[in-house]
Number of protein chains: 2
Amino acid sequence: MQEKPAQCQFVAALDSIVGKWKPIILYHLLQGEPLRFNELRRLIPDITQRMLTLHLRELEEEELVSRVIYPQIPPKVEYSITEYGKSLSPILETLHQWGKAHVERRQLKLENNEQAKTD
Amino acid sequence: MQEKPAQCQFVAALDSIVGKWKPIILYHLLQGEPLRFNELRRLIPDITQRMLTLHLRELEEEELVSRVIYPQIPPKVEYSITEYGKSLSPILETLHQWGKAHVERRQLKLENNEQAKTD
DNA sequence: CAGCATCCATGTTGATACTG
DNA sequence: CAGTATCAACATGGATGCTG
């Protein structure tokens, strides 16, 4: 632990966040409303059933998301962000802001390249 | 782009940061001093030559890191953080803080479980 | 010193079909 | 509705040997 202290924390944090769909799942749940399985699917059109299940299980395992089952037919399951999960909000927000700027910057570069060609 | 705006930014941001070793590489370069290839290897003992090369190339590609070659024998190459790369600092810092708390929390839970057993 | 090339092991995600 | 199971594809990382 002593010889690679910084790395541990990064890895621990990133493990909770990475996974192709975790940030976007957390993002939606951080809006505050509990969401049902199929509601999440609709909000994240490209995700497969399988990956949504897997990632939700992992987030639940880490106590970032809570899962409430209503024992009824048809089944109803609601996912919501936990108090602990809310502590991720600053990270997600920072990532979101930076990502936005990053995309815009990349876009600008492409446009400049196009411009250079026609000059 | 319109139907999944949030996702794009997250993915864009995370792409720049993930990769098993990127955060730790950026972390070291963010200290300010330019570092040579083998200096980075020493600072990150577990990384392989291959991965250090690959990740540095990707970071360079995104203009987060700059690579300066001194044409001499033996070769000398220095890597340093770019101005743009410095904009990642808040993200890395936030991740680092959260990761630290996350690890401590997990540790606490384990201890409590041990405690429960002996009770 | 600072790499590149090759091959291989593993992990992650996707496609598809099926179920209480 | 909210999953599970299985198989296949692809991405990521590691080990090793070689080079200007």
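Bear in mind the structure is a predicted one, so any value in this text is a computation, not a measurement. Chain letters run A, B, ... following the sequence lines, proteins first and then strands; every chain starts at 1.
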Student: How many Å lie between CD1 on B/I73 and P on D/dT19, as a whole number?
Tutor: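 It works out to 17 Å between those atoms.
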Student: Assign A/R36 to base, sugar-phosphate, or nothing according to its heavy-atom contacts below 4.0 angstrom with the strands shown.
Tutor: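 Sugar-phosphate: the residue A/R36, judged by heavy atoms under 4.0 Å, touches backbone atoms but no base.
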Student: Decide if atom CD of A/E83 counts as having more than 12 heavy atoms of other residues, nucleotides or ligands within a radius under 6.0 Å.
Tutor: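 Counting neighbours around CD of A/E83, 12 or fewer heavy atoms of other residues, nucleotides or ligands fall under 6.0 Å, so no.
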Student: For the residue pair A/Y27 and A/H96, categorise the inter-ring angle as parallel (less than 30°), tilted (30 to 60°) or perpendicular (more than 60°).
Tutor: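 The arrangement is parallel - the two ring planes meet at less than 30°.
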Student: Grab the CG-C1' distance between A/D46 and C/dG14 for me, whole Å please.
Tutor: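 Interatomic distance, CG of A/D46 to C1' of C/dG14: 12 Å.
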Student: Atom CD of B/E39 to atom P of C/dC1: distance rounded to whole Å?
Tutor: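 One finds 11 Å between P of C/dC1 and CD of B/E39, rounded.
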Student: Closest to the A/H55 side chain: C/dT13, D/dT4, C/dC4?
Tutor: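 The nucleotide sitting nearest to the side chain is C/dT13.
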Student: Which whole-number value in Å describes the distance from A/R67 CZ to D/dC1 P?
Tutor: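 These atoms are roughly 16 Å apart.
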Student: Distance check: side-chain N/O of B/K20 vs OP1/OP2 of C/dG11, anything under 4.0 Å?
Tutor: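 Answer is no, no contact under 4.0 Å.
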Student: Mind checking if A/Y79 touches a base, just sugar-phosphate, or nothing, with heavy atoms under 4.0 Å?
Tutor: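 Contact class for A/Y79: sugar-phosphate only.
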Student: Step through the shown structure and confirm whether more than 12 heavy atoms of other residues, nucleotides or ligands are within 6.0 Å of CD on B/Q31.
Tutor: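 Atom CD in B/Q31 is crowded, with more than 12 foreign heavy atoms closer than 6.0 Å.
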Student: Ignoring hydrogens and geometry beyond distance, is the side chain of B/R50 in donor-acceptor contact with the base of C/dG3 at under 3.5 Å?
Tutor: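 Between C/dG3 and B/R50, which were checked side chain against base, a qualifying N/O pair under 3.5 Å is absent.
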Student: Which whole-number value in Å describes the distance from A/W21 CH2 to C/dT13 C1'?
Tutor: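 About 10 Å, once rounded to whole Å.
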Student: Below 4.0 angstrom, N of the basic side chain to O of the carboxylate: do A/R105 and B/E63 qualify?
Tutor: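 Salt bridge present between A/R105 and B/E63.
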Student: Can you tell me how far C1' of D/dC1 sits from CZ of A/R41, to the nearest Å?
Tutor: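 Whole-Å distance recorded here is 10 Å.
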Student: Provide the closest heavy-atom pair for B/K22 versus B/I17 in the form atom of the first, atom of the second, distance.
Tutor: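 For B/K22 and B/I17, the tightest heavy-atom pair comes out as CB-O, 3.2 Å.
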Student: Check the distance between D/dT4's C1' and A/L54's CG and give it to me in whole angstrom.
Tutor: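 Rounding to the nearest Å, CG of A/L54 and C1' of D/dT4 are 10 Å apart.
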Student: Considering every strand and a 4.0 Å limit on heavy-atom distances, what is the contact class for A/R57: base, sugar-phosphate, or nothing?
Tutor: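 It contacts sugar-phosphate atoms only.
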Student: Please give the angle, rounded to 10 degrees, between the axes at the start and the end of the helix from C/dC1-D/dG20 to C/dG20-D/dC1, where five pairs define each axis.
Tutor: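 Inter-axis angle at the termini of the helix from C/dC1-D/dG20 to C/dG20-D/dC1: 50°.
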Student: Is B/Q97 atom CD crowded by more than 12 heavy atoms from other residues, nucleotides or ligands, each under 6.0 Å away?
Tutor: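 Buried by this count: over 12 neighbours within 6.0 Å.
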Student: Answer yes or no: does a side-chain N or O of B/R42 lie under 4.0 Å from OP1 or OP2 of C/dC1?
Tutor: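 Indeed not, no polar side-chain atom of B/R42 lies that close.
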Student: Any chance NZ of A/K109 has more than 12 other-residue heavy atoms, nucleotides or ligands included, within less than 6.0 Å?
Tutor: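 No - once you tally the heavy atoms of other residues, nucleotides and ligands closer than 6.0 Å, there are 12 at most.
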Student: Which whole-number value in Å describes the distance from A/M51 CE to D/dG3 P?
Tutor: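 That distance rounds to 15 Å.
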Student: Between B/F37 and A/I47, which residue's closest nucleotide on DNA chain C lies nearer the 5′ terminus?
Tutor: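 Residue closer to the 5' terminus by nearest nucleotide: B/F37.
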Student: Need to verify one output field. Residue with the more 5' nearest nucleotide on DNA chain C, A/P75 or A/T48?
Tutor: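 Looking at the nearest nucleotide for each, A/T48 comes out on the 5' side.
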